[in-house]
Number of protein chains: 2
Amino acid sequence: MNTGPQAVFRALADPTRRQILMHLAHENLAISDIAARFDITRTAINKHLAILEEGGLIKSEVSGRERRNRLTPEPMKSAFEWLGHFERYWDVKLTDLQREVEKEMAGKKETEK
Amino acid sequence: MNTGPQAVFRALADPTRRQILMHLAHENLAISDIAARFDITRTAINKHLAILEEGGLIKSEVSGRERRNRLTPEPMKSAFEWLGHFERYWDVKLTDLQREVEKEMAGKKETEK
DNA sequence: TCCTTATGACACCATTTGGTGTCATTTATA
DNA sequence: TATAAATGACACCAAATGGTGTCATAAGGA
């Protein structure tokens, strides 16, 4: 397992995997349960689960003949925080404010001449 | 261009692309400028830029013989918000608090018997 | 015990991904 | 005006990705 940002972003890059995470947010599910919710084979689901587990986003434990999967979303935090560093850039209100400030500064410069 | 969550997560999945975004957060750069900061060819950088632009994370405009790239991070917001839905799950403090509350409740039950 | 269910383990495949190198075109510049 | 610099446009490649199908094994249930 490797909960670094790379393994997490990689795990999040596939839409099927993100959907699996959403299902697991509601309830723990066995592999067949998950496969029943998608149009792809159980084998394909298994590979997705392996990548999610590699990213540390889920944990699984066997119980009888089932393997129950549970969400362990802590590693998402690193991706969330990485994105958070850009928050000030995408915040439109702040950008508008900056523009206003810059315009104001420019105006002052002009009047100071 | 397609600023949906899929295009954004896909663009963020590669470590080189994430580094390019960080560089562009500091300053707008031409393709050669970016290529000079990595050990891969300009052609490879070009492909990464195309994927970033496809996700709407950057915009570029030609200026003479240069193509200047600028960060347009608004689409990151959708990925950030998607992750935000899981925040309550990974928040350790909240989890600890819940554990405390549960322990307290269990204790009360005991004493109430 | 027999049959069914849930996985594990492979082998195989087409497409995508992340790189490379080369050549042509356009734009500054000495 | 030559020359150098910055891109664009291709062709080509190996490895990773996202699927498939098949067969074996283990665990429950009638």
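Predicted model only: the values in this text are computed from it and were never measured. Computed from heavy atoms alone, side chains included, the values below leave out hydrogens, waters and symmetry copies. Below, chains carry the letters A, B, ... as their sequence lines are ordered, and counting in each starts from 1.
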* Taking side chain as C-beta onward, heavy atoms only, is A:Ile58 less than 4.5 Å from A:Leu52? -> yes

* To do: Establish, with yes or no, whether the OP1 or OP2 oxygen of C:dA6 is under 4.0 angstrom from a side-chain nitrogen or oxygen of A:Arg67.
  => no

* To do: Starting from the 5' end of DNA chain C, give me the residue, A:Thr43 or A:Asn69, whose nearest nucleotide shows up first.
  => A:Asn69

* Rounded to whole angstrom units, what separation is found between the CG atom of A:Asp39 and the P atom of D:dG18? -> 17 Å

* Can you sort out the partners of B:Arg37 under salt bridge (charged side-chain N to carboxylate O under 4.0 Å, His left out), two or more places apart, ordered by chain and number? => B:Glu27

* Asked: Under 4.0 Å: is that the gap between some side-chain N or O of B:Asn46 and OP1 or OP2 of D:dG8?
  -> yes

* Would A:Met1 and B:Phe86 show up in the same hydrophobic cluster when neighbours are defined by side-chain heavy atoms closer than 4.5 Å? -> no

* Asked: How would you list all residue pairs meeting ring-ring contact (aromatic ring centres under 6.0 Å, His included) that involve residues 11-49 of chain A, not counting sequence neighbours?
  -> A:His23-A:Phe38

* Asked: Are OP1 or OP2 of D:dT17 and a side-chain N or O of A:His48 less than 4.0 angstrom apart?
  -> no

Can you give me the N/O atom pairs linking the protein to nucleotides 13-17 of chain C at distances under 3.5 Å, or say none if there are none?
residue: C:dT17; atom: OP1; partner: B:Arg10; partner atom: NE; Å: 3.3
residue: C:dT17; atom: OP1; partner: B:Arg10; partner atom: NH2; Å: 3.2
residue: C:dT17; atom: OP2; partner: B:Arg10; partner atom: NH2; Å: 2.8

* Structure fact -> Here the residues of residues 26-34 of chain A within 4.0 Å heavy-atom distance, strictly under, of DNA chain C are A:Ala30, A:Ile31, A:Ser32

* To do: Examine the side chains of A:Arg68 and A:Ser63 and answer whether a donor and an acceptor come within less than 3.5 Å of each other.
  => no

* Hey, does B:Leu29 have a side-chain heavy atom less than 4.5 Å from the side chain of B:Asn69? -> no

* Asked: Of all residues at least two apart in sequence or in a different chain, which pass the salt bridge (charged side-chain N to carboxylate O under 4.0 Å, His left out) check with B:Arg70?
  -> B:Glu61

Give every pair of a protein N or O atom and an N or O atom of nucleotides 3-5 of chain C that lie under 3.5 Å apart, one pair per line with the distance.
residue: C:dT5; atom: O4'; partner: A:Arg65; partner atom: NH1; Å: 3.2
residue: C:dT5; atom: O2; partner: A:Arg65; partner atom: NH1; Å: 3.0

* Asked: CZ of A:Arg17 to CG of A:Leu12: how many Å apart, nearest 0.5 Å?
  -> 8.5 Å

* In whole angstrom, give the distance that lies between atom CD1 of A:Ile45 and atom P of D:dG19. => 8 Å

* Is any side-chain heavy atom of A:Trp82 less than 4.5 Å from a side-chain heavy atom of B:Leu21? -> yes

* Any donor-acceptor pair under 3.5 Å joining the side chain of B:Arg42 to the base of C:dG21? -> no

* Please figure out whether A:Thr41 or A:Glu66 has its closest DNA chain D nucleotide nearer the 5' end. => A:Thr41

* Figure out the CZ/P separation between B:Arg68 and D:dA5, and round it to whole Å. => 17 Å

* At their closest point, which heavy atom of B:Gly55 faces which heavy atom of B:Val8, and how far apart are they? -> O-CG2, 3.9 Å

* To do: Locate the shortest heavy-atom distance separating A:Ser32 from A:Arg42; write the atom from each residue and the value.
  => OG-CD, 4.5 Å

* **Between D:dT17 (P) and A:Leu12 (CG): distance, integer Å** => 14 Å

